[in-house]
Amino acid sequence: MFDDHWYHTPEPTQKPRQQELRTQSPARPSLERTRSNAQKKPIAVVAVRPLPEISQAEVPRRPKSVNDLRSLLHAEFVAPTAESNGKASTNSNTLRRQKSRNDLDELKRARYGYGRGSGVRDKHTVLSVESLKDELDFANWQEEFEEQLEDASNEEYRLFHATLDSHLNTCQRILTKTDDTLNLLSGLKTSFVTVETQTSQFQATSSNLVEQQARLQSLADSVAKNLQPFTELEPITRVLARPGSEFVKTPPFREMLVRLDRSLEWMNDPAHAKFPDVETYAPKFRHCMTRALTLIRNYFVASIKDVANEVVTRVKEKNLGENIPTALLYAKFRVNAPQLKELVGEIEKRCGHEEYISLLNECHGSYASVRQRLIGPMITKKMVELSAATNKNQNLVSFARSAISFTRGICLDEFELFHAYFSGEGTGDSEVYNFLETICESLYDYLRPKIIHEVNLVKLCELCSLLQTRYMPDPEDPEFDPYDRSQLDFGQLIQGTLQDTQTRIVFRTQAVIRDEIEGFVPKPDDLDYPTKCQLSRRSVKEMSGPPTGTGTPLPSAPVVVDRESGITTDMFDTEAMFAGWYPTLRKCIWLLSKIYRLVNYSVFDDLAHTIVHATTMSLLTASAALQKSKSSPADAHLFLLRHLLQLRSQIVAFDIEFTAHPDVSLDFSSLGASFASLRTGSTGFSISALFNLVKTAAMPKVVANMLDAKSEIDIRLRSCINDFNALWIARMTDGIQGPSNRLAAADSPDPAARVKTAVEREVPVLRRKVAEYLDDRRVAETLVAAVMEGVCERYDEYYDEMFTSKGRQPRNPSERWDSEVFMRWAEGVFGVQMGMLGTYDGEEDYQADGDVSSRAMSRDGSG
């Protein structure tokens, strides 16, 4: 792992050559450092013989050669020794001089037994200086001395060499140990790699084992989970096989229902459809659930019957008859209600299956039959008492108010008691209202015949108003919540009664329209106009005080006298207010005010159009009859105009939808004449004759009668005003009508004399007639102004035709009555108040609109 140290070692810098050589040559250690190192580290050193002790002497000169050294040594050591001994030996033992190195070696070998070629000598044999006898001893001593000297001079180097050898050996050992360590580390690395590989393999194997274990565990859990529903069947079947139904009150029963739900949910899951025996086990679990819920049904029915029997027993013991106290009717039933409600809730929560719904319906039916058996006789007895009490005075409203109030109290108590047993989760509120409808059957049985036989429309309207205001919920009420199931919607229970009443009101209204409006035959007193107008005006003055100068405004709200009940619907005397009204008009407003907001809007609109149409036709009939009885047709026109304006002003308050609503019918009247002509033979049997017959008379005609009340009244008003204006315009311009009259008038000195005479004669009559019928001065002024404009237009036509177009001048130039002069004169004679025409200060916009439209229509008609 250190093989890459060279890669991280920085490149050495360039050094001088001398420094490089100095660096490469090892430093020579000193003797002391070498010795100290030698002492520190024991090194194997070659044993050195100790040097001979040398006496102190003067330092001789330095020899220049070996022979010179020998001479010095001989002079220093050998010669003094010979002198001290006396004389030199001259015997035969004196050695001969050596001639060569070999001779010297032979002499040494002969004497000492060592020398060159003699093998190893004993280095411990040292000759002392005193023992030197001859040259041979000296040579031997010299050789040894040289060796010792050489050894002494080389001792430092030998020590350094030994130190180097020691260092070398140490480095070798370090290298050896390093190699061993590297080998060991390499082995460890190899071992680590092996361990890592084995660990990775072990980890992978362990992971696979763990995954396999998890998979097997999941498989085991899935098997156990999927097997769990199959194992639940047998214990549940054993539990349900127990006799009796008291087991339903215990907690294990509810736990069993939960297990059944889980098992059924698992069996019905499409993902488990491929499991074996699912088709076999699913019906078994369903049968177990049905059996369990049937036990609840049986227990509920038995408990309800036991309570009812206990109540009946106590009633018989105390001889209470039909007067059962509330404590027995309700308090006794509330004792077990929480427990039974919890049990029935188990059925309600599982009403997704049709079979379970039938079980819940059986619980509802059993409860309803028990309660009906206890409460039904009491309600019937109360209805009989109320009916007997109200039969004396024939008061439908009184009976309905008492009977409905009593029944409503019973329904409120039964509603609370029903919700004490049932939560309504399975079937909603339909069952409780079905049960309450059975409670209200006695009310229906006694009230419906009275409604059907009632002919008094006022009582029917009062009953309908009572039902709507007191018992029907108001959607506009901020406290009304249609989704609040905790409150009883009693209006739902009497909806049938309300519909019967409304149907009867519509029928009686149509009868009144047919009998009292369409079939009304006026008496002479009914056509006594304008006398009735004067009486009406006098009554209004007495009631309202002095006039205000703007006429008497008509009331904006439909307030009429109830002639059948004698009760007024307002604070003032409506009898006096509408004293001058025609009977059919009064009946029209009376009908509208009675049925307004009591029937459906669309039904009311249809009835209102019918009523207004019938009233309008009756007014036209009365106008025609009045025209025959009166000498002046102006009375008939003003009578019709007065009542149409009153009718138009009154119907605004009823919010009638004024839409085109055609009444389509088929007219077969032409078929009778066609068949008669065929029978008499007046029509031939030619192809053309038959084709014409089929084309014209043989087909029925489609008749569409428009029943839009407002449009019809406007059309009748326009026609009436036009007829009225035409009548008075003709009376005032009769002198200039026709060619002969125009020529005669133009030839007279005053061409406008005839018209002026007629205008001055008829204007007072016109104003008197208008004032007799119309109380509103604005309408009166509008009519007079319309007549004035019509007269001026007729005169303008006359003057233009006789004078302007022909360039002719009147006979008397001073009497130049052109159109502008005649207009200024007519304004003074008619006395029209222009301020009354342009200002409408009334409270009702319809009056101003009617006046303006009347004036515009009068102008169009007069042209």
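The structure displayed is predicted, hence computed values, not measured ones.
Minimum interatomic distance between K249 and R254 (heavy atoms only, all atoms of both residues): O-NH1, 3.6 Å. Nearest heavy-atom pair, L233 versus T237, reported as atom, atom and distance to 0.1 Å: O-OG1, 2.7 Å. Closest non-hydrogen pair, C288 versus L240, comes out as O-CD1, 3.2 Å. Between R334 and Y421, the shortest heavy-atom contact is N-OH, 4.5 Å. When all heavy atoms of F490 and C411 are compared, the closest pair comes out as CE1-SG, 4.1 Å. Nearest approach of L359 to T290, heavy atoms of both residues: CD1-O, 4.3 Å.
Residues R371 and F333 form a side-chain contact, since some pair of their non-hydrogen atoms from C-beta on lies under 4.5 Å apart. Side-chain contact between L436 and L488: present, with at least one pair of heavy atoms (C-beta onward) separated by less than 4.5 Å. With a 4.5 Å cut-off on side-chain heavy atoms, D269 and E265 do not count as touching.
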Evaluate side-chain contact (heavy atoms from CB on, under 4.5 Å) for L209 paired with Q212, printing each intermediate quantity in order.
-> CA-CA 5 Å; L209 292 176; Q212 186 176 4; 4.1 Å; yes
Stepwise side-chain contact (heavy atoms from CB on, under 4.5 Å) check, H364 with N361 | CA-CA 5 Å; H364 290 156; N361 291 335; 4.2 Å; yes
Determine, stepwise, if the pair L293 / E355 fulfils side-chain contact (heavy atoms from CB on, under 4.5 Å).
-> CA-CA 10 Å; L293 298 183; E355 188 175 358; over 6 Å; no
Take L360 and R350 through the side-chain contact (heavy atoms from CB on, under 4.5 Å) test and state the conclusion after the steps.
-> CA-CA 10 Å; L360 182 61; R350 296 167 177 85; over 6 Å; no
Using the side chain to side chain donor-acceptor pair (under 3.5 Å) rule, take Y356 and E348 through it: C-alpha gap first, then chi angles, then the decisive distance, then the call.
-> CA-CA 8 Å; Y356 305 153; E348 292 176 336; over 6 Å; no
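Residue C363 holds its SG atom at 9.5 Å from CG of L340, rounded to the nearest 0.5 Å. The distance from atom NE2 of H161 to atom CD of E156, rounded to the nearest 0.5 Å, is 14.5 Å. Atom CD in E346 sits 11.0 Å away from atom CG in L260 (nearest 0.5 Å).
Every residue was checked against the ring-ring contact (aromatic ring centres under 6.0 Å, His included) condition with Y299, not counting sequence neighbours, and none meets it.
E155 has a carboxylate O that lies under 4.0 Å from a charged side-chain N of R158, or vice versa, which qualifies the two as a salt bridge.
Residue pairs meeting the ring-ring contact (aromatic ring centres under 6.0 Å, His included) criterion with at least one partner in residues 226-259, sequence neighbours excluded, are F230-W266, F230-Y281, F247-F253. Counting only residues at least two apart or on different chains, no ring-ring contact (aromatic ring centres under 6.0 Å, His included) pair has a member in residues 182-221.
Aromatic ring orientation, F422 versus Y367: perpendicular (interplanar angle above 60°, classes split at 30° and 60°). Relative ring orientation between F435 and F418 is described as parallel, the plane-to-plane angle staying below 30° on a 0-90° scale split at 30° and 60°.
Looking at K341, its side chain does come within 3.5 Å of a backbone N or O of H419 through a donor-acceptor pair.
Aromatic pair F138/F145: centroids not less than 6.0 angstrom apart.
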